[in-house]
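What follows is a single structure, written as structure tokens, with notes after it.
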Amino acid sequence: MLVGNAVEDGIVKTLLSRLHFVGWHIIGTQVPVGGSNPNWDGYLDLLMARNTETGWDKFVVEIKTKSGYGADLFWQKPEPSPEYMTQLGLYLRDLYHKGVTDHGIFLFVLLSDNHFGQLITINSQYDPKSDSIICTTADRMDGTSYTLETTLCLTGSLERWRVLDKHLANNTVPSGEYHYKYPLTQ
């Protein structure tokens with residue numbers, strides 16, 4: 001996490017803060033987001049805007065790092081984890097309901113011997129009809145682009161949060177949940 005925070009800080013200060021010359025502007029870093037039902041909060045990495053013909057297009061940038069062999073695998077098949085999608089999805093859901101934006105990107109920085117410093121962006125959108133985050137495309141630094149059809153409904157996470165809030169209020173411990181990565185067979 002320390003390396004990730006240092007990389008994030010460096011990217012914001014040395015790269016993204018200078019994009020105003022091409023029309024991209026940082027509105028804020030470590031922007032607080034959250035809701036009261038359920039009671040959650042967080043800090044998104046960047047809220048940015050780009051000047052378009054129709055006005056200012058705001059979007060969230062969530063910076064993530066991948067290291068070692070995981071970075072090499074991610075270069076081959078860039079797909080965000082459900083945990084990352086939930087995080088960005090909650091941020092976008094909150095900002096959508098506040099009238100700010102429903103668009104976000106992941107900016108993955110790879111830290112491996114084979115792909116050190118390579119960047120991958122994944123475009124994401126919040127869909128209020130299905131209460132889901134949808135990852136649409138992944139763009140690698142070498143110019144290749146991939147179509148993604150990755151969707152994650154946020155309803156389950158929000159319901160789990162409500163259950164945890166009730167347990168905290170009652171000073172009780174919820175039963176553990178375990179989900180197998182792959183369905184069990186006979």
**Prompt:** Which pair of heavy atoms, one from S112 and one from G68, lies closest together, and at what distance?
**Reply:** CB-O, 3.2 Å

**Item:** Cation-pi, W56 ring and R50 (6.0 angstrom, 45 degrees)
**Value:** no

**Request:** Enter the distance from K58:NZ to T101:OG1 here, rounded to the nearest 0.5 Å.
**Result:** 8.5 Å

**Message:** Within this structure, what is the CZ-CG distance for the pair R93 and D131, rounded to the nearest 0.5 Å?
**Reply:** 4.5 Å

**Prompt:** Under 4.5 Å between any side-chain heavy atoms of L95 and V33, yes or no?
**Reply:** yes

**Request:** Answer with yes or no whether the hydrophobic clustering places F116 together with M141; edges join I, L, V, M, F, W, Y residues whose side-chain heavy atoms lie under 4.5 Å apart.
**Result:** yes

**Prompt:** Less than 4.5 Å apart, any side-chain heavy atom of P80 and any of C135?
**Reply:** yes

**Message:** Which residues pass the salt bridge (Lys or Arg N to Asp or Glu O under 4.0 Å) test with K129, not counting sequence neighbours?
**Reply:** none

**Prompt:** Could you state the interatomic distance from NE2 (H115) to CD (Q76), rounded to the nearest 0.5 Å?
**Reply:** 7.0 Å

**Prompt:** Are S132 and L154 close enough that some pair of their side-chain heavy atoms sits under 4.5 Å apart?
**Reply:** no

**Asked** side-chain contact (heavy atoms from CB on, under 4.5 Å) with F108: which of L119, I122, I63?
**Response** I122

**Message:** Is any side-chain heavy atom of W75 closer than 4.5 Å to one of I120?
**Reply:** yes

**Prompt:** After noting the C-alpha distance and the side-chain angles of D45 and Q30, does the key distance pass the side-chain contact (heavy atoms from CB on, under 4.5 Å) rule?
**Reply:** CA-CA 5 Å; D45 292 338; Q30 297 302 312; 3.6 Å; yes

**Plane angle bin for W40 and Y91 - parallel if under 30°, tilted between 30 and 60°, otherwise perpendicular** = parallel

**Fill in**
Note: I133 and G89 closest approach over all heavy atoms is CD1-N, 3.6 Å

**D142, CG atom: more than 12 neighbouring heavy atoms under 6.0 Å** = yes

**Asked** Within the side chain of T144, is there an N or O that forms a donor-acceptor pair under 3.5 Å with the backbone of R140?
**Response** no

**Request:** Look at the side chain of T155 and the backbone N and O of C153, then say whether any donor-acceptor pair between them is shorter than 3.5 Å.
**Result:** no

**Message:** For a 4.5 angstrom cut-off between non-hydrogen side-chain atoms, does L111 reach V109?
**Reply:** yes

**Prompt:** Would you say F106 and L88 make side-chain contact, with heavy atoms under 4.5 Å?
**Reply:** yes

**Request:** Any chance you could measure D102, atom CG, to F59, atom CZ, to the nearest 0.5 Å?
**Result:** 13.0 Å

**Request:** Could you pull out the closest heavy-atom pair between A49 and I27, with the gap in Å?
**Result:** CB-CD1, 3.7 Å

**Prompt:** Should I134 and T150 count as side-chain neighbours, where that means a heavy-atom distance under 4.5 Å?
**Reply:** no

**Request:** Any chance you could measure K77, atom NZ, to L148, atom CG, to the nearest 0.5 Å?
**Result:** 9.5 Å

**Request:** State, with a plain yes or no, whether a side-chain heavy atom of Y84 is found less than 4.5 Å away from one of E62.
**Result:** no

**Asked** Checking N123 side chain against T136 main chain: does a donor-acceptor pair fall under 3.5 Å?
**Response** no

**T147 side chain to T137 backbone, donor-acceptor under 3.5 Å** = no

**Asked** Do K64 and Q87 have side-chain N/O donor and acceptor atoms under 3.5 Å apart?
**Response** yes

**Message:** Given 3.5 Å as the limit, does a donor-acceptor pair link the side chain of N170 with the main chain of K166, or not?
**Reply:** yes

**Request:** Nearest 0.5 Å please: distance from the CG atom of D139 over to the OH atom of Y146.
**Result:** 10.5 Å

**Prompt:** Minimum heavy-atom separation for T86 to S157, with atom names?
**Reply:** CG2-OG, 3.5 Å

